Undergrad: 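Take a look at this one; I'll ask things after.
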There are 2 protein chains.
Amino acid sequence: MDGSGTDNKWIGERTIRPDGADKVTGRATFGADFNLPGMLWGKVLRSPHAHARIKSINLKKAAALPGVKAAICSDDMVEFPLDTPVMVGPADLRFVSRNIMARDKVLYAGHPVAAVAATSVKIAEDALALIEVEYEVLPHVIDVDEAMMPDAPVLHDFLRTAGVDPKPTTASNVASRLEFKIGDLEAGFAAADVVIERSYKTKPVHQGYIEPHACLVSVAKDNQATIWSSSQGHFMVRSATAKMTGLNVADVRAIPAEIGGGFGGKTIIYLEPLALVMARKSGSPVKMVMTREEVFRATGPTSGSSNTVKIGATKDGKITAATATFRFQAGAFPGAPARPAASCAFAPYDIGNVQSIGYDVVMNRPKSNAYRAPGSPIAAFAVESTIDELARELGIDPLEFRLQNAAKEGTRAAYGPTFRKVGFVETLEAAQKHPHYSAPLGPNQGRGVASGFWFNVGGESSAQIHINEDGTVTVITGHPDIGGSRASMVNITAEMFGIDYHLVRAQIGDTNAIGISATTGGSRVTFSAGMAVTQVAEKVIQTLRERAAKIWDIEVDAVVWENGEARPAGSNAGDFEPLSLADIAAKAAATGGPITGQISINAQGAAPAFATHICDVEVDPDTGRVEILRYTAMQDVGRAIHPSYVEGQIQGGVAQGVGWALNEEYIYGDDGQMQNPGFLDYRMPVASDLPMIEAVVIEIPNDAHPHGVRGVGEVPIAPPMAAVANAIESAMGLRLNDLPMSPPKVLAGLDAKR
Amino acid sequence: MDGSGTDNKWIGERTIRPDGADKVTGRATFGADFNLPGMLWGKVLRSPHAHARIKSINLKKAAALPGVKAAICSDDMVEFPLDTPVMVGPADLRFVSRNIMARDKVLYAGHPVAAVAATSVKIAEDALALIEVEYEVLPHVIDVDEAMMPDAPVLHDFLRTAGVDPKPTTASNVASRLEFKIGDLEAGFAAADVVIERSYKTKPVHQGYIEPHACLVSVAKDNQATIWSSSQGHFMVRSATAKMTGLNVADVRAIPAEIGGGFGGKTIIYLEPLALVMARKSGSPVKMVMTREEVFRATGPTSGSSNTVKIGATKDGKITAATATFRFQAGAFPGAPARPAASCAFAPYDIGNVQSIGYDVVMNRPKSNAYRAPGSPIAAFAVESTIDELARELGIDPLEFRLQNAAKEGTRAAYGPTFRKVGFVETLEAAQKHPHYSAPLGPNQGRGVASGFWFNVGGESSAQIHINEDGTVTVITGHPDIGGSRASMVNITAEMFGIDYHLVRAQIGDTNAIGISATTGGSRVTFSAGMAVTQVAEKVIQTLRERAAKIWDIEVDAVVWENGEARPAGSNAGDFEPLSLADIAAKAAATGGPITGQISINAQGAAPAFATHICDVEVDPDTGRVEILRYTAMQDVGRAIHPSYVEGQIQGGVAQGVGWALNEEYIYGDDGQMQNPGFLDYRMPVASDLPMIEAVVIEIPNDAHPHGVRGVGEVPIAPPMAAVANAIESAMGLRLNDLPMSPPKVLAGLDAKR
């Protein structure tokens, strides 16, 4: 049953995508595509101030406007005391609830303070203008380094800098501090011949999904609620919405839409609880759809940051010690990915003496949220840039320098684990051998390399398999399909049963169809759901053998399942014609009932992914514009269940990383207002900005997964910023440590050199 | 775990109905409530002739009408050869497919010959008028006795009277003949002191559901289809539609609507395959909704019939022999319930010498379909009227006469089985003791009693239980909820887990949510799905005990589940606070993953239901109108899981039986056209026609079911026609053997007596 070999028939095949036809013909339904008769439109009133106390909210005039059916503020939502965490997965509802509807204070421009539901969008918008909010404006802080200053405006009185001062007496903006440490730093740096220490800054960048947040919520008179929305996890939607609206989980059904991109940004909700409360109040279904401006002003980008890295190495290229400090912008509430950043930072390298410190800091920005390998790209930009400088200083080829220090089986990472078999060395060797690495470069052109790391994760997944009455197979999982999980589950199921993949159809079950299935993210679904599907397929195959044994009246042990058929095994079993899935399915009722299987697991055994990228750039010395000429991404994926999707994930991660490297940033005025909340001014790369990105898929199987899967989607976004920075250095001798490396900064750097 | 005791907490409780709020507020979605953007409307062209050969169909002009997107006839549908049955449950697609779209011949006025899909209903109707069909009109036959004559117009050349002539050389309208026989009839009748032989006629009657057939079908470009429709079995919808349109079963998803009545009439489909083919052709979703006239002209009523019964008894009231012959109108294709009629006929009685013969006969009427206890009411009308005459002739109280001959544990029924514990005697004794039976009667008033029998059935059911993260419970089954199955599943689940029923929510899963679940009908769902839910609850409780053992680090055997909590059992187990469902659910991820269970079974052990009814009537001698004064229905239900629903089923069955008895009939002209295809002229009883019907629920548990369930919905429609006829005889000395006993017939009978 091990699919990680090369004799697989369907695993590793580029089968036709189950979601393809619907998506290219426009038939697929996304979050905003649901409608119900009598539906109302909900809109949110948002804070105009970066930081203010709410003195009063008067909803009366808005509620009285003809067509308005509900008007709410935080008084209408469940209040969670600040002293007890209320977790839904990694999200703390103390903060989520206060983020989706401000309580007492507004903490960023765009923070919701009230909402209305009306018979049209126009009436709802008119009603927002009638809501009277009295604010006491407070001083605000945007920058992470400023927010950490002792005299900074403080956002939350309850934050007492856990981990810094054991008994803090005053509040600060530092929500938490964490540290990983192994070995002896002093001795390590003392043993180094070269030590390089640099500071780096990154800006918050948005996940930039095409589809804004949208939902439709309907509530029956007995408070049974149904939610249609686009998210990365409808079980999260169900759980978080139920808790924030005071319902039992069983009272809420969450139905997933197709998702127009998430990238971590749809691992939490903004609208569903507001829509539910207004649907309950009004007695009518409520639909809410964000504008792009609302997405920018009030949904989580990943953190901006301010970091320092120091690495020492011997002349012959052995890293002896490394330290890093990461100061992360959490936005208005705690929750920045300082921990994964500190964990991932030095994970690719076998270094005996390491310290990694992370700070989670609040300030008057929208609450940050997960974005593809949260924290890892920020750490990689700092570490991989410093590594590049070290290699350059030592005169060692940067890939060779990484190879000399590469983590491998048995390496203990500073954040804890000792690696089983990993594929970092293989990505470096593949990069060395790739023609790209030795291709000639022209004037103003340069080549950079960088590597990256992501844990990959497992967790809760459920799966069902139904053998239909004609022998076709339905496989159901409970994770929204973001990166091709339906296609992967089809390949795995067809492989397991030994039947043509056209006979297998994959579905995403809603919360009333399948067992709890954790949010899609962390590069976990093909790993975890694939494990669940494999296990349930094994159960069903056992049932098929039992049914065949019953039909033939022989022992189960005398039946084998091979190539989609039950066959008698061994000379004593008897002489029977093989029974196909269709044959057995046709006799299911007579042999015990429908043939089905179901399983729920907490998948263990996730194994990390490593990537090494090569990037060629050309810098225009007159404009400072950086063009990506060629890009090759080597990645150990464990096993590519559906190679086209794997390549797509790698290409997508690189594209987003290039945007982060070169152009994307939140621009704030002194008033604490974001000045570029739209895709014209927030510059993401488009097709014409990028060359065809080559994905080199390396398969070092994860031995803890039945098909060798590791996870694919996260790690490709880690290396690009450093790869681009290192390529610019290679092209122009210009080292840039402050993202984005946009034309004005490149030009300023070149000017300073000239 | 046995719920059939009297110490149940939730089984037997009148809990609030899960479907109640939605139904009374209009929020529930029925078949015609679904809409999709860009949806087309499909309409069917129907034969104006009762019998004709189709010489040609020209769709060109219709297809060319602006707004028409698809026009189809039988050429567009899968053709099933006539020599091989293609079964979906009890339905043969050879006939279903030719019934929903005529091939070569039209067999009744209303038989579909073509269909169109257009951008509006108006355009679709205009297009129908442009379809050119050339017919060769053939002689037709409507009556079952005439259809059996040697010179009758023959509908199907392939029907060779299986079972009558071993090698038939000519076609006839007799599709099949069956016979049950035990004992020695000649000796039996010779031993009788009194023999009565009578002939009876019944008319076809329609199930009369409020909601006409309706569906919406959407097909993707890769032929993945979704069907929203109201039916008694969405797995049947999936299977039948897939096969009739040439798709794999896995390619079709059938989503059940709420159902506005079915009563057997929605155990088969009429529109879905047509809508699918037109959706596939046009590339747009297609919606089809029948008018009431279409429902009458082209969907299955139950059979009309022509029957003879002969029963002999000794002076002291012992039945010595009985024979019956049932000639059933199948309509245009084979499939009348002659077999269940012949089986049920004498099943209530312990008679040593019995013969029961059934004929399934085709004629130029709409194809008959299941209607509540198919065949049994027709048999009961004949047998229970004859029994009444016998009792009268012998001067024995009719209940006493039945008691003397009542089937009980150990009685062998002529149709095969030997009964386990049954409750017929208890229904008769309850009737004897009921105050109704001894209440005084006025002038022109009479009292009749009659009994009835139904097998009840088991079969394929699937169930899932999910323990949600807050300890609430979701239970999912796959049968449309027609008679309260969600409420019953909630009661059973709450009982099993020992938790408040508000914490349990029941859902009907679509075909992509739950394992195969056979059609709701035959009084099977509370029995079969209840068994599946019980078994899966036991599995989940075992998991809960395992998780508690893991949390406490003790052996599983040292954990018991009691009153919604895991407790350590015995003094050696250790001293732990009990763990509630919520406690264990909160730790599910850490103890192995989500807690869920699933099962699919072919439920065995169904046990029959018996009913005895008492009916008082008053006959208006001037108009012939019969008024129902009082009605009491005794029934052994095994165990009433939700008594309100049980009573509702009994009351509903009686109401339909009274309509069948007194007013309902299909009126045909000489041209073979139905003349009363609407609720104004086809007279069903309304609330003002009926007294409050008293249901007396008797519980003799079915020992093969974990909670004692037998099944409720069918048997209450069996006794009413005979009970009413016997009451009319009691009131006026008038014996009516020809249904309906409508005012003209009663008046004619009274006139003949006068």
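Atoms considered below: every heavy atom in the structure, side chains included; atoms not considered: hydrogens, waters and symmetry mates. Naming: A, B, ... by sequence-line order, numbering from 1 per chain. In this text the structure is predicted, and so the values were computed from the model without any measurement.
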Undergrad: Is a side-chain donor or acceptor of Asp470(A) paired with a backbone partner of Val249(B) at a separation under 3.5 angstrom?
TA: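 A pair under 3.5 Å: yes.
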Undergrad: Can you tell which part of Ile476(B) gets under 4.5 Å to a heavy atom of chain A, answering side chain, backbone, both or neither?
TA: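 Only the side chain of Ile476(B) comes within 4.5 Å of chain A.
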Undergrad: For Asn602(B) and Ala589(A), indicate whether the former's side chain and the latter's backbone hold a donor-acceptor pair under 3.5 Å.
TA: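 Yes; at least one donor-acceptor contact below 3.5 Å.
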Undergrad: Under 4.5 Å from any heavy atom of chain A, what part of Gln604(B) do you find: side chain, backbone, both or neither?
TA: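 Answer is neither: Gln604(B) stays 4.5 Å or more from chain A.
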Undergrad: Please say which of Thr472(A), Val504(A), Val473(A) ends up in a side chain to side chain contact (heavy atoms under 4.5 Å, CB included) with Asn248(B).
TA: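 Only one of Thr472(A), Val504(A), Val473(A) forms a side chain to side chain contact (heavy atoms under 4.5 Å, CB included) with Asn248(B), namely Thr472(A).
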Undergrad: For Val24(B), which atoms come within 4.5 Å of any heavy atom of chain A: side chain, backbone, both, or neither?
TA: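 Contact with chain A: none, neither part.
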Undergrad: Output the option from Ile516(A), Thr511(A), Val475(A), Leu36(A) having the highest count of non-hydrogen pairs under 4.5 Å with chain B.
TA: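 With the most close heavy-atom pairs to chain B, the winner is Ile516(A).
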Undergrad: Considering only heavy atoms, which portion of Val88(A) lies under 4.5 Å from any heavy atom of chain B: side chain, backbone, both, or neither?
TA: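 Contact with chain B is absent: no heavy atom of Val88(A) under 4.5 Å.
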Undergrad: Which region of Val219(A), side chain (C-beta onward) or backbone (N, CA, C, O), has a non-hydrogen atom less than 4.5 Å from a non-hydrogen atom of chain B, or is it both or neither?
TA: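 For Val219(A), backbone heavy atoms alone lie under 4.5 Å from chain B.
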Undergrad: Out of Ala220(B), Pro594(B), Ser600(B), which one racks up the most heavy-atom pairs below 4.5 Å with chain A?
TA: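 Most heavy-atom pairs under 4.5 Å with chain A: Pro594(B).
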Undergrad: Need one label for Gln507(A): side chain, backbone, both or neither, based on atoms under 4.5 Å from any heavy atom in chain B.
TA: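 Contact with chain B: side chain only.
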Undergrad: With a 4.5 Å cut-off on heavy-atom pairs, point out which of Lys221(B), Gln598(B), Arg238(B) contacts chain A the most.
TA: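 Result: the option with the highest number of such pairs is Gln598(B).
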Undergrad: Side chains of Ser218(A) and Arg27(B): does their closest heavy-atom pair fall under 4.5 Å?
TA: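 When only atoms from C-beta onward are counted, Arg27(B) and Ser218(A) do touch, with a gap below 4.5 Å.
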Undergrad: Please state whether the side chain, the backbone, both or neither of Ile467(A) comes within less than 4.5 Å of a heavy atom of chain B.
TA: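 The backbone, not the side chain.
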Undergrad: For Thr25(B), is it the side chain, the backbone, both, or neither that has a heavy atom closer than 4.5 Å to a heavy atom of chain A?
TA: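 The answer is the side chain of Thr25(B).
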Undergrad: Between Gly20(A), Gly471(A), Gly597(A), which shows the greatest number of heavy-atom pairs under 4.5 Å with chain B?
TA: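 Of the candidates given, the most pairs with chain B belong to Gly597(A).
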Undergrad: Could you check whether Asn512(A) and Arg505(B), counting side-chain N and O atoms only, form a donor-acceptor pair closer than 3.5 Å?
TA: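 There is no such pair (donor and acceptor under 3.5 Å, judged by atom type) between the side chains of Arg505(B) and Asn512(A).
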Undergrad: Please name the pair of heavy atoms, one in Ala513(B) and one in Gln464(A), separated by the smallest distance, quoted to 0.1 Å.
TA: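 Smallest heavy-atom distance, with atoms named: O-OE1, 3.2 Å.
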Undergrad: We want to know whether Thr474(A) and Arg253(B) form a side-chain donor-acceptor pair, criterion being a heavy-atom distance below 3.5 angstrom.
TA: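 The answer is no; no qualifying pair exists.
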Undergrad: What part of Ala590(A) gets within 4.5 angstrom of chain B, counting heavy atoms only: side chain, backbone, both, or neither?
TA: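 Just the backbone, heavy atoms under 4.5 Å.
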Undergrad: Looking at Gly593(B), Ala250(B), Ala21(B), Gly459(B), which has the largest count of heavy-atom pairs under 4.5 Å with chain A?
TA: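 The residue among Gly593(B), Ala250(B), Ala21(B), Gly459(B) with the greatest pair count is Ala250(B).
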Undergrad: Quick check on Pro37(B) against chain A: is it the side chain, the backbone, both or neither that has a heavy atom closer than 4.5 Å?
TA: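 Neither the backbone nor the side chain of Pro37(B) comes within 4.5 Å of chain A.
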